*Asks:* 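Please find one structure pasted underneath; my questions will follow.
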Amino acid sequence: SLKEYNVSKGNMVFSSDQSGVLFDKYKEYIILYPIGKTETSYTVPYSVYEIAPDAFYGCETLKTVIFGENVEIIGSWAFGYCMNLEAIGFDQWVCDIGAFAFYGCDKLENVYFTSTEAAWEYDVDVKDGNEPLLNAVMHFEAEMPEFVEAPTAPGFIEGSKYILDEGY
């Protein structure tokens with residue numbers, strides 16, 4: 001039922017953002033998303049390159065996740081059993097989706113990818129156990145979907161595209 005992480009600014013290893021997500025010190029690596037959060041949407045900040053294994057595991061309220069343009073790696077089981085996840089958006093730089101990263105995401109219907117079908121096929125390594133991802137409708141050369149509920153991740157300014165905050 002944990003709803004947020006609140007890391008001291010002086011911590012030399014970890015950090016958190018205003019939405020309560022746990023990161024490494026430089027916000028390049030999402031470690032854990034609080035399972036007790038009630039938001040239905042999340043936008044991964046531009047500073048993030050990698051999503052840790054199990055980072056969002058079992059988050060039942062999430063329906064939409066948009067990955068920032070720098071995300072390259074999604075760890076094994078990262079979104080395992082996010083049972084209400086319906087839509088995700090990847091930028092062209094994603095290249096490695098770990099084993100079972102989307103296992104148990106049986107409501108996943110739409111995947112938005114900003115590049116071409118050929119880029120998805122040849123440049124993205126989707127490991128075993130990701131049938132919900134592979135069975136979803138793929139939208140290539142797509143713009144990211146709009147949120148019904150504004151995300152709480154840094155870098156988002158309501159009514160505009162994703163805008164980089166200072167320090168990211």
Side-chain angles (χ1 to χ4, degrees), residues 5 7 14-34 37 39-57 59 62-80 82 85-102 105 108-127 130 132-134 136-168:
Y5 294 95
V7 179
F14 301 107
S15 63
S16 58
D17 65 6
Q18 68 266 25
S19 66
V21 176
L22 183 64
F23 297 85
D24 69 307
K25 178 67 178 172
Y26 302 103
K27 291 187 176 71
E28 295 176 339
Y29 187 77
I30 290 181
I31 298 170
L32 281 172
Y33 182 89
K37 288 184 76 58
E39 286 80 6
T40 60
S41 302
Y42 184 70
T43 297
V44 176
Y46 282 107
S47 61
V48 174
Y49 291 91
E50 186 172 348
I51 310 294
D54 303 313
F56 290 79
Y57 187 91
C59 291
L62 281 177
K63 292 183 178 184
T64 307
V65 176
I66 301 299
F67 295 90
E69 69 181 27
N70 290 320
V71 174
E72 297 175 3
I73 300 167
I74 299 169
S76 298
W77 292 97
F79 291 87
C82 288
L85 191 60
E86 298 173 355
I88 53 177
F90 293 111
D91 197 72
Q92 66 185 359
W93 302 113
V94 68
C95 60
D96 190 298
I97 299 174
F100 302 95
F102 293 95
C105 299
L108 186 57
E109 295 176 359
N110 293 288
V111 177
Y112 300 86
F113 185 57
T114 61
S115 193
T116 65
E117 184 172 2
W120 178 264
E121 186 175 327
Y122 296 109
D123 298 337
V124 182
D125 183 13
V126 180
K127 307 278 191 311
N130 284 299
L133 174 68
L134 298 173
V137 174
M138 295 293 298
H139 303 273
F140 297 105
E141 299 180 67
E143 289 192 28
M144 296 302 178
E146 295 293 323
F147 285 103
V148 173
E149 171 183 306
T152 56
F156 180 85
I157 295 178
E158 192 169 328
S160 67
K161 278 287 220 180
Y162 308 88
I163 297 176
L164 213 50
D165 286 337
E166 287 185 36
Y168 290 96

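Atom set for the values below is all heavy atoms of this structure, side chains included, hydrogens, waters and symmetry mates excluded. Remember, predicted model here, so these are calculated numbers, not experimental data.
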*Asks:* List the residues meeting side chain to side chain contact (heavy atoms under 4.5 Å, CB included) with Glu141, not counting sequence neighbours, and say none if there are none.
*Replies:*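 Scan of Glu141 (side chain to side chain contact (heavy atoms under 4.5 Å, CB included), adjacent residues dropped) gives Thr116.
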*Asks:* Which heavy atom of Val21 sits nearest to which heavy atom of Pro34, and what is that distance?
*Replies:*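 For Val21 and Pro34, the tightest heavy-atom pair comes out as CA-CD, 4.1 Å.
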*Asks:* OG1/Thr114 to CZ/Phe140 distance, rounded to the nearest 0.5 angstrom?
*Replies:*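 It is 11.0 Å, given to the nearest 0.5 Å.
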*Asks:* Output yes when a side-chain donor or acceptor of Lys63 lies under 3.5 Å from a complementary backbone atom of Glu39, and no otherwise.
*Replies:*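 The answer is no, because no donor-acceptor pair under 3.5 Å joins these two groups.
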*Asks:* If every non-hydrogen atom of Cys105 is compared with every non-hydrogen atom of Pro132, which pair is closest and at what distance?
*Replies:* O-CB, 3.2 Å
*Asks:* Any donor-acceptor pair under 3.5 Å linking the side chain of Asn70 with the backbone of Val48?
*Replies:* no
*Asks:* Within the side chain of Ser76, is there an N or O that forms a donor-acceptor pair under 3.5 Å with the backbone of Pro53?
*Replies:* no
*Asks:* Hey, which of Phe113, Trp93, Phe79, Tyr112 is the one that makes ring-ring contact (aromatic ring centres under 6.0 Å, His included) with Phe67?
*Replies:*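 The residue from Phe113, Trp93, Phe79, Tyr112 that satisfies ring-ring contact (aromatic ring centres under 6.0 Å, His included) with Phe67 turns out to be Phe79.
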*Asks:* Heavy-atom distance under 4.5 Å between the side chains of Phe90 and Ile74, does that happen here?
*Replies:*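 Phe90 vs Ile74: side chains touch.
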*Asks:* Can you find a pair of side-chain heavy atoms, one from Ser41 and one from Val65, that are under 4.5 Å apart?
*Replies:* no
*Asks:* For residues Ala101 and Gly75, report the shortest heavy-atom separation together with the two atoms involved.
*Replies:*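 Nearest heavy atoms, Ala101 then Gly75: CB-O, 3.5 Å.
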*Asks:* Set out, in order, the CA-CA distance, both residues' side-chain angles and the distance that settles side chain to side chain contact (heavy atoms under 4.5 Å, CB included) for Leu22 and Val7, then state yes or no.
*Replies:* CA-CA 8 Å; Leu22 183 64; Val7 179; 3.6 Å; yes
*Asks:* Taking only residues two or more places apart in sequence, or in another chain, which ones meet Glu28 in a side chain to side chain contact (heavy atoms under 4.5 Å, CB included)?
*Replies:* Asp24, Tyr26, Tyr49
*Asks:* Could you check whether any side-chain heavy atom of Ile88 comes within less than 4.5 Å of a side-chain heavy atom of Leu133, counting everything from C-beta outward?
*Replies:*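 Heavy-atom side-chain distance check passes, below 4.5 Å.
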*Asks:* Write down the atom of Lys27, the atom of Ser16, and the distance for their closest heavy-atom approach.
*Replies:*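 It is NZ-O, 3.3 Å.
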*Asks:* Nearest 0.5 Å, please: how far is CD1 in Ile51 from CD1 in Ile31?
*Replies:* 11.0 Å
*Asks:* Can you classify the ring geometry of Tyr33 versus Tyr42 as parallel (below 30°), tilted (30 to 60°) or perpendicular (above 60°)?
*Replies:* perpendicular
*Asks:* Asn110 side chain to Ala87 main-chain N or O, any donor-acceptor pair under 3.5 Å?
*Replies:*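 The answer is no, because no donor-acceptor pair under 3.5 Å joins these two groups.
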*Asks:* Specify the closest pair of heavy atoms between Ser115 and Gln92, including all atoms of both residues, with the distance to one decimal.
*Replies:* CB-CB, 3.7 Å
*Asks:* So how far is it from Tyr5 OH to Leu32 CG, rounded to the nearest 0.5 Å?
*Replies:* 4.0 Å
*Asks:* Going by the rule side chain to side chain contact (heavy atoms under 4.5 Å, CB included), which residues pair with Ile73 if we only count those two or more places apart in sequence or in a different chain?
*Replies:*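 Side chain to side chain contact (heavy atoms under 4.5 Å, CB included) list for Ile73, sorted by chain: Glu50, Asp96.
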*Asks:* Nearest 0.5 angstrom please: Ile97 CD1 to Asp125 CG, how far?
*Replies:* 8.5 Å
*Asks:* Between Asn130 (side chain only) and Gly98 (backbone N and O only), is there a donor and an acceptor less than 3.5 Å apart?
*Replies:* yes
